[in-house]
Amino acid sequence: MTSGMSVEVGGTRIAYTLAGAGRPLLFIHGYPLGRSLWRPQVEALASSAVVIAPDLRGHGDSAAPAGEYSMDLLADELHGLLAALKIDQPVVLCGLSMGGYIALAYYRKFSAGVAGLVLAATRVGADSAEGKANRERTAALAVEAGVPAVVDAMLPKMLAPDTYTQNPDLVRQVRDLMLRTSLNGVLGDLAGMRNRPDSTPTLPEIRVPVLIIHGQQDQLIPPGEAQNTLSGVPSATLALIDRAGHLPNLEQPDTFNQAITNFLKSL
Ligand code: MLT
């Protein structure tokens, strides 16, 4: 089964892709992205899982209310989406970057409904003072110059340096995907990420298997963050992907998908 649909979750219309059969696997995109980030994963993994890939509020085809999008609020909305889709089996969460922040918030709230965690291109710490100041500068840029200015400032860091010369089509696709984030989405995410808690104390509490995936050439979140996460979790494995930056699932989709397939088999 493959479909692109939407459903009302607590008053917010959430668009999603649903495909395949098997164990539920929920993909949570990062900032400022959308569910089409996961196209290579939906295509490859729907033969072994029920793949659910929503647009978070403010992104892609979902509604874009104003206000802060806290990681807890986004986790609640995902939980509401799964309930609306009548998915009651424990789910494997795969979150990339901000999606990883949300996956950890989800685990804190709904651990009984989680079968495994994939933390891709993410970090567990909160924003530093400098990081918070950057969020405020980016929000001011978004208000003054619009979402395209934010996208064009961020795009040169999204991918591995070689990807820009070797795969210009992918660079264009990523830019188009980023441009489908609304102004409310950019502002809501920035405020939510700025105020997110430190997830380090959550790591020793995790009772499900964890797969950490990171691009070796990630310019936004250095691979040392993946090592840091690995050292805090009781049962985790790390897949470092060469020739990949912040979006390893798009830059090296076969390697990324194989890591997830092996993880699903191990559960
Ligand atoms: C993301 O890709 O989700 C963001 O770069 C994460 C962040 O800004 O902290």
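For ligands, and for the atoms within them, numbers begin at 1 and follow the listed sequence.
For residues 51-86, the pairs satisfying ring-ring contact (aromatic ring centres under 6.0 Å, His included) are H29-H59, H79-Y106, H79-F110, with sequence neighbours left out.
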Side-chain donor-acceptor pairs of residues 40-47 under 3.5 Å, sequence neighbours excluded:
unit_1: Q41; atom_1: OE1; unit_2: N249; atom_2: ND2; d: 3.1
unit_1: Q41; atom_1: NE2; unit_2: N249; atom_2: O; d: 3.2
unit_1: Q41; atom_1: NE2; unit_2: N257; atom_2: OD1; d: 2.9

Output a table of donor-acceptor pairs, distance under 3.5 Å, between side-chain atoms of residues 227-236 and any protein atom two or more places apart or on a different chain; print 'none' if there are none.
unit_1: T229; atom_1: OG1; unit_2: E225; atom_2: O; d: 2.9
unit_1: S231; atom_1: OG; unit_2: N228; atom_2: O; d: 2.7

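For the atom pair NZ (K265) and OG (S48), the distance works out to 8.0 Å, reported to the nearest 0.5 Å.
L73 and M98 are assigned to two separate hydrophobic clusters, defined by single-linkage of ILVMFWY side chains at heavy-atom distances under 4.5 Å.
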Pairs under 3.5 Å, N/O atoms on ligand 1 and on the protein: can you put them in a table with the distances?
unit_1: ligand 1; atom_1: 2 (O); unit_2: Y31; atom_2: O; d: 3.2
unit_1: ligand 1; atom_1: 2 (O); unit_2: S97; atom_2: OG; d: 2.8
unit_1: ligand 1; atom_1: 2 (O); unit_2: H246; atom_2: NE2; d: 2.7
unit_1: ligand 1; atom_1: 3 (O); unit_2: Y31; atom_2: N; d: 2.8
unit_1: ligand 1; atom_1: 3 (O); unit_2: S97; atom_2: OG; d: 3.0
unit_1: ligand 1; atom_1: 3 (O); unit_2: M98; atom_2: N; d: 2.8
unit_1: ligand 1; atom_1: 8 (O); unit_2: R135; atom_2: NH1; d: 2.8
unit_1: ligand 1; atom_1: 9 (O); unit_2: Y101; atom_2: OH; d: 2.6
unit_1: ligand 1; atom_1: 9 (O); unit_2: R135; atom_2: NH2; d: 2.8

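In this structure, the side chains of P197 and R108 come closer than 4.5 Å at one or more pairs of heavy atoms.
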